[in-house]
Asks: 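Pasting in a structure now, in structure tokens, and then I'll have a few things to ask.
These numbers were taken from a predicted model, which means no experiment stands behind them. Below, each value reflects all heavy atoms present in this structure, side chains not excepted, and no hydrogens, waters or symmetry copies.
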Amino acid sequence: MWLFYPLLLAPTVLCSLLETRKFSPERRAENIDGSVPTYKNPDAPIEDRIEDLLPRMTLEEKVAQLFVSFIRSISPTSNSCGLTSIQGDIGQQIGGWMNMDDPLDDTLEYNQTGLENMMRTKGGSIWAGYLTPYDKFVFAIETGQRYLMENTTLGIPALIQSEGLHGFTNNGTIFPSPIGLAASFNRDLLKSVGSIISDEAEGLGINHVFAPVLDLSRELRWGRVEENFGEDHFLTGEMGLAYVTGVQEGTRRNVTADGPGGARKRMAATCKHFAGFGSPMTGLNLAPVVGTERDMRTTYLPAFQRACLDSLSIMTSYSAYDGIPAIADKHLLTDILRNEWGYKYWVTTDAGSVDLLINLHFTCETRECAAKASVENFSGEMGGGSYTYLTLADQVTAGQLDEKYIDETVKNILRVKFTLGLFENPYPYADYLDTIRTPESREVLLTSDRESIVLLENKGKTLPLSKDIGSVALIGPQVDQVTFGDYVFFNASLNGVSPLQGFKDFLANTSSSTKINYAEGCKLWSNDESGFEEAVNAAQASDVAIVMVGTWSRDQTLLWQGLNATTGEHVDLHDLGLVGAQLKLVQAIKATGKPTVVVFVSGKPIAEPWIQDHTDAVIQQFYPGELGGLALAEVVFGAFNPSGKLPVSFPRDVGTTPAFYNYLKGARPLDPGFVTDNGTLVFGHQYVLSSPVPLWSFGHGLSYTTFNYSDLAISPSSIGPTGTFNVTVTVHNTGSVDGQEVVQVYATDAYSSIVTANQQLVGFEKVHIPAGSSQTVSIEVNASQLGLWSLDNKWVVEPGTFILKIGTSDQTFAKTNLTVT
């Protein structure tokens, strides 16, 4: 009888099941009682919406949420969007549904079959980077989202993804590269930049940007230094948090913003690359990173913990850390990120990185193994490779993978989509053109270009130049071109102002009669010195010579492979000196006897001690934004007082790296060697003929005015291992011009149970102080910033004495002590 008992109860069980699920399997998007499904109710709590939607989804629909599809039609061997050559049937999987490659083809047509195929198997996200023109792009986004919302069973919208490193890559405003933005030391400015990027992207229908990059610039040979906020994790965390806040703050139009189910963000920022990616062995991109748990906890994780717990997305890194590929690192992605930090949003792999388990790290032999290793850490697959996640459904069916991993990963991406309000409004805005390059955004752009410039040297007050100076020679390969950093769109430089044009515009606007004598002198990449004579003549005919040299990025034309470049992704260096004839050009101009100003336009530090020793002034302009040429002219002529500080130290040469300021105690020499001006060799021990002390260190940056510090105080002067204390100081502008000062606070643990950094930035504040005035600055510091990863593998703040130093760089201080009990 017991064999038939379940059959007798079947109607009751079925009714109970349907009552619990509240929907019919045949009509999964509807409730059986005719009420609105919870997942479609914008006033329902987000977690309730997730729990209502997930059981309605088939396994195939769940897996489709873990993929990114492509709008652009891409050939199987295309290198567009960073895709490497892909053979066989995989080409069919990445073919988009619109031809976006021909700028002269303005037809708004698409391939319906391609659209349906892509959305059926990879409908979770849509990659939309680098696509123009606007009308075609907006049409594609509208078409894709409407298909998902109106022609699929459950109507789940997609995340629309683009790059947002320093401007979104669909003809948006280009700001200075992150390394330059960090030089501003201005949180409010970074927040405004993020907000403008979000404004411009949102109007076009983008809702997910791949930024900020929180890798640290501690390995300067690595090509992606320009994408970082510098060498210091505290500065990186503060700048990253400001950017994330600016990008995500607010809500999309016409979505519910109140109540438990209301949208809370308007854009998903993506913190990357999690974690430790920026310190590869030998400086080579993708190479393994050597480190311990203490290195990870002390150096690489703090910026992510500060900036990213509220970001809606995190991207894993390509590399392996301590022998474990990041995308398969359970300790990093599950134990720390999910369980310890409580992160509940979307984690995505980088493009093609799942395949690297097979062909770079060699920890998997099959696509099945690679997909399983990644999804069991609750990550989605960005694409750009062979789409290993296409094996997931079969693995579940075969009992090789527990579906719970897919369920939890899908919950994370649904949580992002509900938080963004995409179920209510996933579409572009009709007035999208009104949000791009507005007068307000141009003001922020100009401010960011101004504040990213760092004055490194100014001997004899060579700068600023008088607006009445008779003539200026502008010399060098960086004068008559716009040099942006990587991750910009095709021909983005057409929107920029070159230094030559910027100087002309500035002088015209100030009614100056100063004459400009321009000569290129040499190419960036060539040893050809045939242009030197013209350059020397221009200098001799002028009152002062400004020589602009530096590095250049590959993304100027988006030809990712084969482009001669010295910075950018997969563009790593063995030497940090100037390439080609550039240094010889500077030396030839200095030999004329004319005052010589060197401007480094670059994405990373340039190691040229001769320039520091022999030229009259040196300016660092990290890859600028669209108004960089004008901003540079304003700084040179004193219309803007430079206020930038170095977010990264400048080594003497590649052999004296690493150069970062927060080295562990005992890692700097007492007896360096050097070469005198007359060629005499003075031998030392560390190093024999050089010194690891940087040319210019983190935090350094000069002004056209001077600042003095007084009345340093700490309150309270004794604290426990928790809570906060305040560092207060009075800053005096003792010069004759208004200026901005970056007040910096550093801490040193006098004695500790493990070896700690000789000093560590724990606070900063940028203030504007008129000439002759003073301002009292108070900076709050959290006691946890004094902590260390103990011998017991815990984050602790040990009792003892901490030396607190405050000043205008990592080397200029007033000092006092703090006691931790």
Asks: I'd like to know if the side chain of Q161 and the backbone of F210 have a donor-acceptor N/O pair within less than 3.5 Å.
Replies: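 Absent.
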Asks: Using modelled atom types and a 3.5 Å cut-off, is there a donor and acceptor pairing between side-chain atoms of H166 and backbone atoms of I174?
Replies: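 Pair absent, no side-chain N/O of H166 close to backbone of I174.
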Asks: Got a donor-acceptor contact below 3.5 angstrom from the S195 side chain to the K191 backbone?
Replies: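 No; judged by distance alone, with no hydrogens or angles, the pair does not exist.
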Asks: What I want to check is whether the side chains of T270 and H208 have a donor and an acceptor closer together than 3.5 Å.
Replies: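 Present: a donor and an acceptor within the cut-off.
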Asks: Once you round to the nearest 0.5 Å, how far does CG of L154 lie from CG of L148?
Replies: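 Separation between the atoms: 11.0 Å.
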Asks: In terms of side-chain heavy atoms, does T391 have a donor or acceptor partner in Q395 at a distance below 3.5 Å?
Replies: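 The criterion, which ignores hydrogens and geometry beyond distance, is satisfied for Q395 and T391.
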Asks: So which of E163, E227, E569 actually passes side-chain hydrogen bond (donor to acceptor under 3.5 Å, both in side chains) with Y487?
Replies: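 Of all the options given, the one that passes is E569.
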Asks: Does E381 use its side chain to pair, donor to acceptor, with the backbone of T388 at less than 3.5 Å?
Replies: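 Yes, because the side chain of E381 sits within donor-acceptor range (under 3.5 Å) of the backbone of T388.
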Asks: Going through the checks in order, is the side-chain contact (heavy atoms from CB on, under 4.5 Å) test met by V375 and T409?
Replies: CA-CA 7 Å; V375 80; T409 310; 4.1 Å; yes
Asks: Can a donor-acceptor pair be found, under 3.5 Å and without considering hydrogens, that links the side chain of R56 to the backbone of D52?
Replies: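 Looks like yes, one N/O pair under 3.5 Å.
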Asks: With a 3.5 Å distance limit and no angle check, can you tell me whether R415 reaches the backbone of E47 through a side-chain donor-acceptor pair?
Replies: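 Not a single qualifying donor-acceptor pair exists.
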Asks: When you measure from the side chain of N207 to the backbone N and O of I160, does any donor-acceptor pair fall under 3.5 Å?
Replies: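 It does hold such a pair.
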Asks: As a quick check of understanding, evaluate side-chain contact (heavy atoms from CB on, under 4.5 Å) for I413 and S125, giving each step before the final call.
Replies: CA-CA 10 Å; I413 192 170; S125 303; 4.1 Å; yes
Asks: Answer yes or no: is there a side-chain heavy-atom contact under 4.5 Å between T334 and F378?
Replies: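 With C-beta onward as the side chain, the pair touches.
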Asks: Whether the side chain of N425 engages the backbone of R253 through a donor-acceptor N/O pair (distance < 3.5 Å, no angle test) should be reported.
Replies: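 Answer holds: yes.
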Asks: Under 3.5 Å, is there a donor-acceptor pair linking the side chains of D33 and S35?
Replies: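 Yes.
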Asks: Would you call L214 and N228 a side-chain contact if the rule is heavy atoms closer than 4.5 Å?
Replies: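 They are not in contact (no side-chain heavy atoms under 4.5 Å apart), so the answer is no.
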Asks: Salt bridge check: are E403 and K62 linked by an N-O gap of less than 4.0 Å?
Replies: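 Looking at E403 and K62, the cut-off is met.
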Asks: Would you mind checking if R224 and D215 are paired as a salt bridge, meaning a charged N to carboxylate O distance below 4.0 Å?
Replies: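 Salt bridge flag = no for R224 with D215.
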Asks: So that I can tick it off, tell me whether K40 and E424 are bridged by a salt bridge, with the cut-off set at under 4.0 angstrom between side-chain N and carboxylate O.
Replies: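 No.
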Asks: Rounded to the nearest 0.5 Å, how far does OG of S198 lie from CZ of R252?
Replies: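 Here the interatomic distance stands at 9.0 Å.
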Asks: Would S162 and T169 count as having a side-chain donor-acceptor pair, cut-off 3.5 Å?
Replies: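 On atom types as modelled, these side chains qualify, holding a pair under 3.5 Å.
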Asks: Report the C-alpha distance between W127 and F67 in whole Å, list the side-chain angles of each, state the deciding distance to 0.1 Å, and finish with yes or no for ring pair (Phe, Tyr, Trp, His ring centres under 6.0 Å).
Replies: CA-CA 10 Å; W127 169 250; F67 283 103; over 10 Å; no
Asks: Set out, in order, the CA-CA distance, both residues' side-chain angles and the distance that settles side-chain contact (heavy atoms from CB on, under 4.5 Å) for R264 and L420, then state yes or no.
Replies: CA-CA 6 Å; R264 291 164 171 78; L420 291 171; over 6 Å; no
Asks: Step through the shown structure and confirm whether more than 12 heavy atoms of other residues, nucleotides or ligands are within 6.0 Å of CZ on R146.
Replies: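 It does: R146 CZ has more than 12 such atoms within range.
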Asks: Checking Q65 against E61: is there a side-chain donor and acceptor pair closer than 3.5 Å?
Replies: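 No pair is found: no donor N or O on one side chain lies under 3.5 Å from an acceptor on the other.
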Asks: Please tell me whether E200 and T173 have a donor and an acceptor in their side chains that are separated by less than 3.5 angstrom.
Replies: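 Yes, a side-chain donor-acceptor pair sits under 3.5 Å.
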Asks: When you measure from the side chain of K265 to the backbone of S311, do you find a donor-acceptor pair of N or O atoms at a distance under 3.5 Å?
Replies: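 Absent.
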Asks: Strictly below 4.0 Å, N to O, side chains only: are K272 and D350 in salt-bridge contact?
Replies: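 D350 and K272: not salt-bridged.
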Asks: Determine, for E60 against R120, whether the closest basic-nitrogen to carboxylate-oxygen distance falls under 4.0 angstrom.
Replies: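 Here E60 does not pair with R120 in a salt bridge, since their nearest N and O are not under 4.0 Å apart.
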Asks: Can you measure from CG (L190) to CZ (F175) and round to the nearest 0.5 angstrom?
Replies: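 Separation between the atoms: 10.5 Å.
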Asks: Among I336, L337, D310, N412, which residue satisfies the side-chain contact (heavy atoms from CB on, under 4.5 Å) criterion with Y343?
Replies: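 Of I336, L337, D310, N412, side-chain contact (heavy atoms from CB on, under 4.5 Å) with Y343 is met by L337 alone.
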Asks: Assess whether a salt bridge exists between R266 and D199, defined as any Lys/Arg side-chain N lying under 4.0 Å from an Asp/Glu carboxylate O.
Replies: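 The answer is yes: the pair qualifies as a salt bridge.
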Asks: Does some side-chain heavy atom of V347 sit less than 4.5 Å from a side-chain heavy atom of T316?
Replies: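 T316 vs V347: side chains touch.
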Asks: Less than 4.5 Å apart, side chain to side chain, heavy atoms only: is that true for F168 and L204?
Replies: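 Yes - at least one pair of side-chain heavy atoms lies under 4.5 Å apart.
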Asks: Step by step, work out the side-chain contact (heavy atoms from CB on, under 4.5 Å) result for Y432 and E202.
Replies: CA-CA 8 Å; Y432 61 84; E202 180 188 359; over 6 Å; no
Asks: Is a donor on one side and an acceptor on the other found under 3.5 Å between the side chain of N41 and the backbone of D43?
Replies: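 Between the backbone of D43 and the side chain of N41 there is a qualifying donor-acceptor contact (under 3.5 Å).
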